[in-house]
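Values below: all heavy atoms of this structure, side chains included; hydrogens, waters and symmetry mates excluded.
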Amino acid sequence: MSDEQPRTDANSRERSPDHQYTLSVEQAADLYAKAGHPRTPRAIQKYCALSKLDCHKVETETGEKYLVAPYSVDRHITYINEVRTVATIPDQTRTDANVRTMGNKGEELPHSPEQPRMDATARSPDDRYVAVLERENEFLRGQVSVKDTQIEALLERDKETNTLIHRLQAMLAPLLVAPNRKDPIERANSADETPV
């Protein structure tokens, strides 16, 4: 026998306390809240499912639950802080050009605070929705007028068909009449007169 010890695989290695999966989803949510970024337990579960947090899913008596490594929560909170810091730094945009009115060079204009010029292409989102709805209304009004015209034409054809059928019935009525029947008394008399 050899004195060598068997090699351990990566899953069985001892982990430092920070790298052990010790936090429940609720405890991780508490850490986010303490850091000023409150999250719901469902959000923590989504982070676990998306691998944003280092975690393991374990079976319990009532189902499955995630156990989260504390270092991954700290790492994600740090990431959120960095992203929020970058997002809140105001952009250094250049100012709009001064607006000059057309006037004579010698004329003095009254001093007033300059107003920035509005961009001609900038429209509020409400304006776009209103324009789309107006186009849709125009289209639907056109469709209604087309349908009204079609219905009117169909009603006219229906009247013509009814007139033709009425006239056809009037023409065929004399041809479709049953032959004259003799009265029962006349039949009895005629039966007596029959030669034997």
Considering non-hydrogen atoms only, spot the tightest contact between [X] and [Y] and give its length.
X      : Y      : answer
Pro70  : Thr22  : CG-OG1, 3.6 Å
Pro174 : Met171 : CD-O, 3.4 Å
Ser72  : Ala69  : OG-O, 2.7 Å
Lys52  : Arg75  : O-NH2, 3.7 Å
Leu31  : Ile77  : O-CD1, 3.8 Å

Can you confirm whether Glu152 is buried at CD, in the sense that more than 12 heavy atoms of other residues, nucleotides or ligands lie under 6.0 Å from that atom?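 No, not enclosed.
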Distance from [X] atom [atom1] to [Y] atom [atom2], nearest 0.5 Å?
X      : Y      : atom1 : atom2 : result
Leu172 : Arg167 : CG    : CZ    : 14.0 Å
His166 : Thr163 : NE2   : OG1   : 8.5 Å
Ile44  : Gln27  : CD1   : CD    : 11.5 Å
Asp158 : Leu154 : CG    : CG    : 8.5 Å
Asp54  : His56  : CG    : NE2   : 6.5 Å
Asp30  : Ser24  : CG    : OG    : 7.5 Å

Where do Val73 and Arg39 land on the side chain to side chain contact (heavy atoms under 4.5 Å, CB included) test, with the steps shown first? CA-CA 12 Å; Val73 174; Arg39 298 292 191 263; over 6 Å; no
Salt bridge present between Glu138 and Arg135 (N-O < 4.0 angstrom):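 No, Glu138 and Arg135 are not salt-bridged.
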Across all chains, not counting sequence neighbours, the side-chain hydrogen bond (donor to acceptor under 3.5 Å, both in side chains) partners of Tyr66 are none
Would you call the rings of Tyr32 and His76 parallel, tilted or perpendicular, where under 30° means parallel and over 60° means perpendicular?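 Perpendicular.
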Shared hydrophobic cluster, Leu168 / Leu176 (ILVMFWY, side-chain heavy atoms < 4.5 Å): yes
